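Chain letters run A, B, ... following the sequence lines, proteins first, then strands; residues in each count from 1. Computed over heavy atoms, backbone and side chain alike; hydrogens, waters and symmetry mates excluded. Bear in mind that the values here come from a model prediction, so they are computed numbers and not experimental data.
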There are 2 protein chains.
Amino acid sequence: MVNDRRRGRPSGPTGPVISRALRLLDAFDAEHRALTLSDLARRADMPLSTAHRLVQELCAWGAVERDDDGLYQVGLRLWELGSLAPRGPGLRETALPYLEDLCQITRENVQLAVREGTEVVFVERIAGFGSVPVLTRVGGRWALTSTGVGLVLLAHASTEVQEDVLNGPIEHHTAKTVTDPVQLRRMLAAVRSNGYSVSDRQVTMDALSVGAPIRRGDGEVVAAVSLVVRHGSTTAHGLAGLVRTCAQAISRALTP
Amino acid sequence: MVNDRRRGRPSGPTGPVISRALRLLDAFDAEHRALTLSDLARRADMPLSTAHRLVQELCAWGAVERDDDGLYQVGLRLWELGSLAPRGPGLRETALPYLEDLCQITRENVQLAVREGTEVVFVERIAGFGSVPVLTRVGGRWALTSTGVGLVLLAHASTEVQEDVLNGPIEHHTAKTVTDPVQLRRMLAAVRSNGYSVSDRQVTMDALSVGAPIRRGDGEVVAAVSLVVRHGSTTAHGLAGLVRTCAQAISRALTP
DNA sequence: GCGCGGTTTCCGGAAAATGGAAGGCTCGCC
DNA sequence: GGCGAGCCTTCCATTTTCCGGAAACCGCGC
């Protein structure tokens with residue numbers, strides 16, 4: 001049901017209005033925070049005049065703004081709205097003190113993430129004291145199959161999501177990245193029975209991460225915490241206890 | 001147009017589509033993070049079926065989500081997008097280390113804010129060690145006339161904005177809140193010549209805040225920092241130096 | 001002057017948006 | 001059990017708003 005709607009036609013709407021406006025917003029990402037109108041139109045694949053009209057409306061409301069060079073950027077109003085998202089900033093707020101404790105104790109990188117579709121979204125990350133440089137960005141996305149948090153979230157996702165991910169193309173980063181569906185399935189089973197995940201050098205060759213699930217009152221996994229450490233500095237098993245304890249504390253804080 | 005009385009009320013669009021979708025999103029605020037469809041329609045003042053259709057489209061994209069009780073809430077995707085806003089998270093990111101330094105030194109509440117229209121939007125706040133409880137929320141709005149950051153931002157806004165604010169109704173919080181336009185004008189002039197603002201018990205009777213402007217390369221004021229302390233604990237003048245130094249450091253960090 | 005990239009405005013035509021009505025659904029109360 | 005009150009969802013005739021090619025409008029550099 002993808003595109004191919006290019007025909008020189010007289011006039012008339014060609015698609016739901018809102019979805020076009022949202023496609024326009026999708027043109028922004030971490031590498032493209034400020035765009036010209038033409039860039040926006042190109043990236044969203046729509047006529048210039050259409051993009052112009054839509055962007056005008058979005059501007060009027062504050063979803064996008066123009067900077068002093070005339071470039072369009074994501075507006076403050078959108079950020080305000082976003083800061084009301086329960087699964088993002090809401091979760092972050094209640095989890096933060098526990099994450100900081102974990103960081104204090106271990107001096108390592110701590111990460112908090114949730115699943116969105118077939119990807120991980122990082123909600124918070126605290127940089128440990130002089131440990132491995134982190135590649136993640138708050139608000140950024142990542143594959144479910146490589147990171148510690150990702151494996152936890154995937155292990156407790158619906159089978160439908162799991163199949164989607166395992167049957168699709170699997171991101172590859174290092175020689176240790178597991179890309180074999182069969183092996184991944186085994187790993188996920190282990191995550192479920194152990195109560196924690198280990199991603200050993202699957203993202204970069206010098207890092208290892210251990211993740212644990214955060215559950216809601218009814219037991220459903222809604223998020224995950226992880227600790228990212230330099231490979232070889234500690235055993236994964238040694239960290240697992242700490243991470244699980246932290247995750248359980250957050251789970252408890254979430255339920256009332 | 002001409003009087004055109006129709007008996008069977010026909011149907012047809014009554015307003016720009018996108019603006020309606022955005023009005024729908026406006027229904028969410030800090031006190032209403034989860035709403036039923038009916039509430040949404042009521043708050044946005046539109047027919048149920050219209051709200052339903054629009055919300056469906058927003059859901060499909062991830063701008064809103066449904067929680068397990070069927071309530072609608074702001075979606076994670078929106079937060080992701082919002083985290084790309086240069087004036088919000090972008091500014092926050094570069095300013096954070098300086099704000100933390102200021103907090104370490106003074107042990108007091110530190111706030112970072114920008115102006116949006118005729119209001120203040122708080123971009124970051126760090127809670128000092130056992131000082132005055134803060135009323136602000138990251139992502140929250142406030143009047144320009146009462147807080148330390150607000151006075152700074154108002155003092156350096158265009159005359160048009162200043163007139164808008166001074167001629168409009170002015171929020172009143174305590175017996176010390178300045179609501180007289182003439183007196184406010186004098187305060188703003190003082191802010192410009194001193195390089196810092198003082199809000200003495202204008203928000204609560206036990207707090208005092210001192211703000212300073214953050215400037216871009218060309219000198220334009222783009223944000224403000226403030227320190228919020230218990231009334232009587234220190235003199236405003238004593239704090240002003242620290243706040244200004246911090247603001248200047250951030251200004252410098254912003255320019256390259 | 002001329003061309004070039006980006007931006008803005010225009011306007012006839014037609015698809016997409018609208019919202020009242022009707023159908024389900026789940027409670028809680030008589 | 002029957003019944004009403006809310007809430008959610010689907011339907012569809014009616015028209016209003018959206019669409020987008022074209023053309024004007026900017027600087028800017030040559």
Rounded to the nearest angstrom, tell me the gap between atom [atom1] in [X] and atom [atom2] in [N].
X: B/Leu35; N: D/dC7; atom1: CG; atom2: C1'; result: 14 Å
X: B/Asp67; N: D/dC8; atom1: CG; atom2: P; result: 11 Å
X: B/Asp69; N: C/dC27; atom1: CG; atom2: P; result: 12 Å

Measure from the side chain of [X], starting at C-beta and using heavy atoms only, and say which of [options] lies closest.
X: B/Pro47; options: D/dG20, C/dT7, C/dG19; result: C/dG19
X: B/Pro16; options: C/dT18, C/dT8, D/dC18; result: D/dC18
X: A/Tyr72; options: D/dG20, C/dT8, C/dG19; result: C/dT8
X: A/Glu57; options: C/dT18, C/dA17, D/dC18; result: D/dC18
X: A/Leu37; options: C/dT9, D/dT10, C/dT8; result: C/dT8
X: B/Arg53; options: D/dT10, C/dT18, D/dC8; result: C/dT18
X: B/His52; options: D/dT9, C/dT18, C/dT7; result: D/dT9

Which part of the nucleic acid, if any, lies within reach of A/Thr36 when heavy atoms closer than 4.0 Å are counted: base, sugar-phosphate only, or nothing? sugar-phosphate
DNA chain D: B/Arg42 or B/Ser49, which has the more 5' nearest nucleotide? B/Arg42
Would you kindly compare A/Asp39 and B/Thr50 by the position of their nearest DNA chain C nucleotide and give the one closer to the 5′ end? A/Asp39
For the residue pair B/Arg87 and A/Trp79, would you count it as a cation-pi contact if the rule is NZ or CZ under 6.0 angstrom from the ring centre and within 45 degrees of the ring axis? no
Short side-chain N/O contact from A/Ser38 to OP1 or OP2 of C/dG5, under 4.0 Å: no
Just N and O in the side chain of B/Arg66: are any of them under 4.0 Å from OP1 or OP2 of D/dT9? yes
How many angstroms lie between CG in B/Leu112 and CG in B/Leu91, if you round to the nearest 0.5 Å? 5.0 Å
Rounded to the nearest 0.5 Å, how far apart are OG of A/Ser158 and CZ of A/Arg115? 6.0 Å
Any carboxylate oxygen within less than 4.0 angstrom of a Lys/Arg side-chain nitrogen, looking at B/Asp67 and B/Arg33? no
Would you mind checking if A/Arg43 and A/Asp29 are paired as a salt bridge, meaning a charged N to carboxylate O distance below 4.0 Å? yes
